[in-house]
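Below is one structure, written out as structure tokens; the observations come after it.
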2 protein chains.
Amino acid sequence: MRKENSTNAINEQFLFQVCELNSAISMVSGRWKCQIVFSISQGYNRFHLLKRKLPKISEQVLGRQLKELETHAIIVKRELPETVPVGIEYVLTNKGLDLIPILEGLCNWGKVYTGGKEISVRLTS
Amino acid sequence: MRKENSTNAINEQFLFQVCELNSAISMVSGRWKCQIVFSISQGYNRFHLLKRKLPKISEQVLGRQLKELETHAIIVKRELPETVPVGIEYVLTNKGLDLIPILEGLCNWGKVYTGGKEISVRLTS
DNA sequence: CTATGGACTAACAATTTTGTTCGTTATTGC
DNA sequence: GCAATAACGAACAAAATTGTTAGTCCATAG
């Protein structure tokens, strides 16, 4: 799926070395990822709950996104005891928890500049 | 280039309505975008300066990314007076300036969790 | 015994993003 | 006159992401 030596992959690596910002961005960009993290933090922490919250996502895509978030150590799976069959819960790691305020900041930024059509520049002279 | 009625495009719109977070993310994700914004804020505010700072980017790709940042009103072009031929400078709008601290936060988050392999979860019980 | 809910995975196709090739305008340096 | 620098645009190709189809396993409800 990933070509190790494509220009694209090389450029990605290059950017990762320029600044951690770029690796951070790459972990949170993706169609559903941020929204999933946010939803988990709001208590929609199980597969079926997420499915209900985001009706347009397909189960397959949801599963994939969850797995990616797991490999980036933003969430972890946890088996719920006393459930038959074993229920599974998604929990934010510290890494994931620390991401929340940043996402809130981004969200706010988005709200302030909705539409984003008005251009304003602070004058320096 | 964009299919208006693809599932992908529809899902994108859906997410935009769920939360501004998603539109915010879509404005900053993209191979070079964040790094360009950051570099402009550091004073690499002209086409050739950016090219030199990010040697791996091609001129065409750079041009495209700059245009996208412009349509999102994160930067604006400005003609430098007293230059022949007209020199062009890129300036962060207020929207762009307000983005910087958020990007710094993300960058920091990236630095704290480098590698991102250690999984730690705060215990609630 | 069939249907339903929960939690997925693999393989493939559609769409989107990223990079490449070629070309433009205009000016200064040699 | 010829090359180089600055600042791009269009069209096309390669690669990556996103969505779809099909199917798994287990357990409880009816």
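Protein chains get the first letters and strands the later ones, always in sequence-line order, with residue 1 at the start of each.
Judged as a salt bridge (Lys or Arg N to Asp or Glu O under 4.0 Å), and not counting sequence neighbours, the contacts of B:Lys51 are B:Glu59. By the side-chain hydrogen bond (donor to acceptor under 3.5 Å, both in side chains) test, B:Glu89 is found to be paired with B:Asn45, residues two or more places apart in sequence or in another chain being considered. With sequence neighbours excluded, the residues forming a salt bridge (Lys or Arg N to Asp or Glu O under 4.0 Å) with B:Lys33 are B:Glu68, listed by chain and number. By the side-chain hydrogen bond (donor to acceptor under 3.5 Å, both in side chains) test, B:Thr7 is found to be paired with no residue, residues two or more places apart in sequence or in another chain being considered.
The two residues A:Leu50 and A:Ser39 have their closest heavy-atom pair at CD2-CB, 3.7 Å.
Around atom CZ of A:Phe14, more than 12 heavy atoms belonging to other residues, nucleotides or ligands sit under 6.0 Å away.
To the nearest angstrom, P of D:dA16 lies 10 Å from CG of A:Asn5. Look at CG on A:Leu50: it is 11 Å from P on C:dC8, rounded to the nearest Å. At whole-Å resolution of the value, CD1 in A:Ile57 and C1' in D:dT18 are 10 Å apart. Atom CD1 in B:Ile75 sits roughly 13 Å away from atom P in D:dA7 (whole-Å rounding). For the pair B:Glu68 CD and D:dG9 P, the interatomic distance rounds to 12 Å; values are reported in whole Å. Rounding to whole angstrom units, CD of residue B:Gln60 and P of C:dT18 are separated by 15 Å. What separates CG of A:Asn8 from P of D:dA13 is a distance of 18 Å, to the nearest Å. Atom pair B:Lys51:NZ and D:dA6:C1' shows a separation of 7 Å (rounding to whole Å applied).
Between A:Leu69 atom CG and A:Lys95 atom NZ the span is 10.0 Å, to the nearest 0.5 Å.
Contact annotation: B:Arg52 side-chain N/O to D:dA6 OP1/OP2 distance is under 4.0 Å. Between C:dT18 and A:Thr7, no contact under 4.0 Å exists linking OP1 or OP2 to a side-chain N or O. Between A:Lys77 and C:dA7 there is no side-chain N or O to OP1 or OP2 distance below 4.0 Å. Between B:Arg46 and D:dA7 there is a side-chain N or O to OP1 or OP2 distance below 4.0 Å.
Nearer the 5' end of DNA chain D, as judged by each residue's closest nucleotide, is the contact made by B:Glu89, out of B:Glu89 and A:Lys56. The 5' end of DNA chain D is approached more closely, in terms of each residue's nearest nucleotide, by B:Phe47 than by the other of B:Phe47 and A:Glu59. DNA chain C is contacted by both A:Leu49 and B:Ser58; A:Leu49 maps to the nucleotide lying nearer its 5′ end (nearest heavy atom per residue).
In the region residues 11-21 of chain A, proximity to DNA chain D at under 4.0 angstrom, judged on heavy atoms, holds for none of the residues. For the segment residues 28-40 of chain B, the set of residues with a heavy atom within less than 4.0 Å of an atom of DNA chain D is empty.
Taking only side-chain atoms of B:Gln65, from C-beta outward, the nucleotide of C:dT9, C:dT18, D:dA16 with the closest atom is C:dT18. Side-chain atoms of B:Arg64 lie closest to C:dT18 of the nucleotides C:dT18, D:dA6, D:dA16.
Counting heavy atoms from C-beta on, the side chains of A:Leu54 and A:Ile36 come closer than 4.5 Å. A heavy-atom distance below 4.5 Å is found between the side chains of B:Leu92 and B:Ile100.
Criterion: ILVMFWY side-chain heavy atoms under 4.5 Å apart, direct or through other members. Under it, B:Phe16 and B:Val28 are not part of a common hydrophobic cluster.
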